[in-house]
Every structure is written in C-alpha cells, then in structure tokens.
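Here the structure is laid out as structure tokens; the discussion comes afterwards.
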Amino acid sequence: MENRAPDQSAEPIATRPTAQVVGFFSLATAAAIAAVFIWGGSPLVTKIATRSTDEFTLALLRTIASVPFALVVIVAMRLRLPWRGRDTFDTLGVAVTGLIGFPVLFTLGVAHTTAGHAAVASAATPVFAGLMVAAINRRWPAKSWWLGISVAFFGAIVLIWESIGIQSVGASWQGDLLVMGGAFSAALSFQFGARLTPRYGAPAVTMWSVIIAGILLLPVLWFYAEPEEILQVAPAGWAAIAYLAAGSSIIAYMAWFYALSRGGIARISMWHFALPVVGIAAAAIFLGEPLTPLLLIATVVILLGVGLVQRR
C-alpha cells in the first residue's frame, strides 16, 4: 500500500518537517547501528571480491547487482518513484553521490593508498555531514557536537594507528584525496536522502536510487569490462558482490536513511566513527587478529564521543 504525504517539493527547506530529537536508545540509533555493522563488514568482503576482479569493476558491479534486489522490493511494496519537482533532483542526488560517487571514489582511493590512510580519510564523513547541515541551516554546530566529534575522531585515530598503522609507505596524496572525495560524496548523499525520506519512506528512496544508479553505471560496465572477465569471477567473489549489493547498497542504506529522518544528519552521522570498530572486530573474529588493550580503550573513547552528540 502506498503511503505518500501530499507533495511538499515546492516548500523551502526551512519549512519542511525536521528530524526528531532522539536519545541514545531509540529506533533511529538501532537502525544506524545496523547499517554500521553491515558497512563495517564491507572491507573484509571487498578484499575477498578483489581476488577475482579489479577494483573499478567491483565498484560498478556492487551497485548494478543491487538492481534485481531493488526491483523485487519496489514491486512487492508498490513503491512510487520520487520524481516530482525538487524530489527529482534529490533522488538523482542520492543515486549519483551515494550509490555511484561514494563506492567508486572510495574503492579507487583504497587501491592507491594504505589502509590506515583510507580509514582516517573516510572518518571525515561525519565532519563533512555536520558542516553541511550547519551551512544549510546557517547555524554553527553546538559545542556538544564539536566536543563529541573531536573525542570520537581522536579515538578513531588511536584505533586505526594501533590496528593497521598510519604509515606513509605505499600511500599517495591522490589515493587519500579520492577517499576524502568518497567521504564527501557520502555526506552529500545524506542531505538528499534526509529530505526525501520523511515523505516517501526509506524503502522508496533507497530502491529507486539504486535503480537509477544501476541504469547510469550499466553502459560504463559494458564499455569497461569484457564479458569474459565478469564470467571469470569466482563463486566466492559473487557471494561477496551479493553481500555488497543486497547488504551495503540496499539494507544498510535503507536503515541509514530511516535513522537520518528520525535523528538528524549531524547526530546520526556520528555513528560512522564506529565503522573501524566493526571492521577490527570482524578481523579479530574471522582472521584471528589480536585485540589489544589500546584497541579496547580506543573503542570506548569513540563510543563516548558518539554518546556526547547523541544525548538530548
């Protein structure tokens, strides 16, 4: 059944419904954590997929392979395309910045820099998101936001330094810049998605954005990759692509946009700092990497910073 409020696309941003102020324990927080857990496992899964295909092909396939999943949800839920007035621009914005710009820039950036540099650069996503909100609302972030983001960023640096290092050998400014561009693109997609979700719902915004992004990327894949190269992807690689497609590009984004619509961009985007926590925990569980006391302390510091921003 369709649940769409009367069209508000002509309204200025300032008059649109604002996100609710939610506490640390809420459905918005639960949705954000669910998205972070899915995204946090993406680096490990991506590493598996790159064993049988190159980074750019993988970046294209993870979005294009999401299209069948999105079509099933659209038909099952009868989701209407957000394509009216300003909503057209916002829907294209989510598709281009969140489902094309971020995965392509981030994947290419990681291929040209170290894991440590990439992790630090991607940690700038909540900073970009918060400053974008401040610029749109023409209001400087509160002191609690600056305090929380500073504490969380410090904890993320310690966590990354202790787990994978931040050495410069193998890093390049081009790779770091690409990763930063991916972080900026992701933060920009939050702005578009947050405007659409209150009226259309997270499923419609996510699924139709996936369809549009897939349509735009299909010709690129056609000219870039040979059919034989795609057919040579190993079963484990296809399983990894399925995870990235259904999990990272659909389920995680749907949960994330729901969280943004309920808790606000500046507050919810702080959970991005927990991504390295999930990634390191996954490495410890599946790869047997050790968890040192400093890693545990850094994790507590990150959650403290996130909690400072989440409090009412």
Study note, to complete from the structure: Heavy-atom nearest pair, M180 first then A124, reads SD-CB, 4.1 Å
Review point. Taking the six-membered ring for Trp, is the centroid-to-centroid distance between H272 and F190 below 6.0 Å?
Key: yes
Check your understanding: Between Y253 and V210, is there a donor-acceptor pair closer than 3.5 Å when you use the side chain of the first and the backbone of the second?
Key -> no
**Study point:** R80 side chain reached by W208 side chain, heavy atoms, under 4.5 Å
**Key:** no
Revision key, fill the gap. d(S269 OG, M132 CE) to nearest 0.5 Å is 10.5 Å
Review point. Between L304 and L296, is there a shared hydrophobic cluster once you connect ILVMFWY residues whose side-chain heavy atoms come closer than 4.5 Å?
Key: no
Exercise for review: Look at the side chain of N137 and the backbone N and O of R139, then say whether any donor-acceptor pair between them is shorter than 3.5 Å.
Suggested key: no
Review point. Hey, what do you get for OG (S209) to CE (M254), rounding to the nearest 0.5 Å?
Key: 12.5 Å
Exercise for review: Please test L92 against W83 for side-chain contact (heavy atoms from CB on, under 4.5 Å), starting from the C-alpha separation and ending with a verdict.
Suggested key: CA-CA 9 Å; L92 284 170; W83 203 260; 3.8 Å; yes
Check your understanding: Just how far is it from atom CG of L61 to atom CG of L217, taken to the nearest 0.5 Å?
Key -> 10.0 Å
Review point. Do D87 and R195 pass the salt bridge (Lys or Arg N to Asp or Glu O under 4.0 Å) test, and can you show the C-alpha distance, the side-chain angles, and the key distance before you say yes or no?
Key: CA-CA 8 Å; D87 298 337; R195 282 201 292 251; over 6 Å; no
Practice item. Mind running side-chain contact (heavy atoms from CB on, under 4.5 Å) on L27 and R262 for me, showing each step along the way? Key: CA-CA 8 Å; L27 286 176; R262 302 284 293 181; 5.6 Å; no
Exercise for review: Can you see which heavy atom on V306 is nearest to which on M270, and at what distance?
Suggested key: CG2-O, 3.6 Å
**Study point:** Distance flag, aromatic centroids of W140 and W145, threshold under 6.0 Å
**Key:** no
Review point. Between I211 and I251, is there a shared hydrophobic cluster once you connect ILVMFWY residues whose side-chain heavy atoms come closer than 4.5 Å?
Key: yes
Point to revise | Closest non-hydrogen atom pair between I302 and A274, with its separation | key: CG2-N, 4.3 Å
Check your understanding: Linking I/L/V/M/F/W/Y whenever any side-chain heavy atoms sit under 4.5 Å apart, do L79 and L71 land together?
Key -> yes
Check your understanding: Do the non-hydrogen side-chain atoms of Q174 and H112 ever get within less than 4.5 Å of each other?
Key -> no
Review point. In the single-linkage hydrophobic clustering (I, L, V, M, F, W, Y; side-chain heavy atoms under 4.5 Å), do W222 and I230 co-cluster?
Key: no
Check your understanding: Within the side chain of S185, is there an N or O that forms a donor-acceptor pair under 3.5 Å with the backbone of T97?
Key -> yes
Exercise for review: Begin with the C-alpha distance, continue with both residues' side-chain angles, and end with the deciding distance and a verdict on side-chain hydrogen bond (donor to acceptor under 3.5 Å, both in side chains) for D90 and Y200.
Suggested key: CA-CA 12 Å; D90 288 340; Y200 293 93; over 6 Å; no
Point to revise | Donor-acceptor under 3.5 Å (S261 side chain, Y258 main chain) | key: yes
**Study point:** From CZ (F184) to CG (L131), nearest 0.5 Å
**Key:** 10.0 Å
Practice item. Starting at CD1 of I241, measure out to OG1 of T53 and round the result to the nearest 0.5 Å. Key: 6.5 Å
Point to revise | Donor-acceptor under 3.5 Å (T63 side chain, L60 main chain) | key: no
Practice item. Write down the atom of S122, the atom of V179, and the distance for their closest heavy-atom approach. Key: N-CG1, 3.8 Å
Review point. Can you find a pair of side-chain heavy atoms, one from F273 and one from L303, that are under 4.5 Å apart?
Key: no
Practice item. Please test V96 against F102 for side-chain contact (heavy atoms from CB on, under 4.5 Å), starting from the C-alpha separation and ending with a verdict. Key: CA-CA 9 Å; V96 172; F102 167 68; over 6 Å; no
Review point. Are L216 and V104 co-members of a hydrophobic cluster defined by side-chain heavy atoms under 4.5 Å apart?
Key: yes
Review point. S66 side chain to A245 main-chain N or O, any donor-acceptor pair under 3.5 Å?
Key: yes
Review point. For the rings on W271 and F37, is their centre-to-centre separation under 6.0 Å?
Key: no
**Study point:** pair T206-W256: side-chain heavy atoms closer than 4.5 Å
**Key:** no
Check your understanding: Side chains of E229 and D54: closer than 4.5 Å at any heavy-atom pair?
Key -> yes
Check your understanding: How far apart are the closest heavy atoms of G41 and V278, and which atoms are they?
Key -> N-CG1, 4.3 Å
Check your understanding: So, do V233 and T57 sit near enough that their side-chain heavy atoms are less than 4.5 Å apart?
Key -> no
Exercise for review: Start with the C-alpha distance between V205 and T91, add both sets of side-chain angles, then the distance that settles side-chain contact (heavy atoms from CB on, under 4.5 Å), and finish with yes or no.
Suggested key: CA-CA 7 Å; V205 173; T91 304; over 6 Å; no
Review point. Does the side chain of L260 reach to within under 4.5 Å of the side chain of T197, using non-hydrogen atoms?
Key: no
Study note, to complete from the structure: Between S249 and R62 the two heavy atoms that sit nearest each other are OG-O, 3.7 Å
Practice item. Please check if any side-chain donor atom of S42 sits under 3.5 Å from a side-chain acceptor atom of S248, or the reverse. Key: yes
Exercise for review: Indicate yes or no: at least one non-hydrogen side-chain atom of I212 is less than 4.5 angstrom from one of V94.
Suggested key: no
Review point. Counting N and O atoms only, with roles assigned by atom type, does the side chain of Y224 sit under 3.5 Å from a partner on the main chain of F56, one being a donor and the other an acceptor?
Key: no
**Study point:** Point-to-point distance, once rounded to the nearest 0.5 Å, from CE of M207 to CD1 of I250
**Key:** 5.0 Å
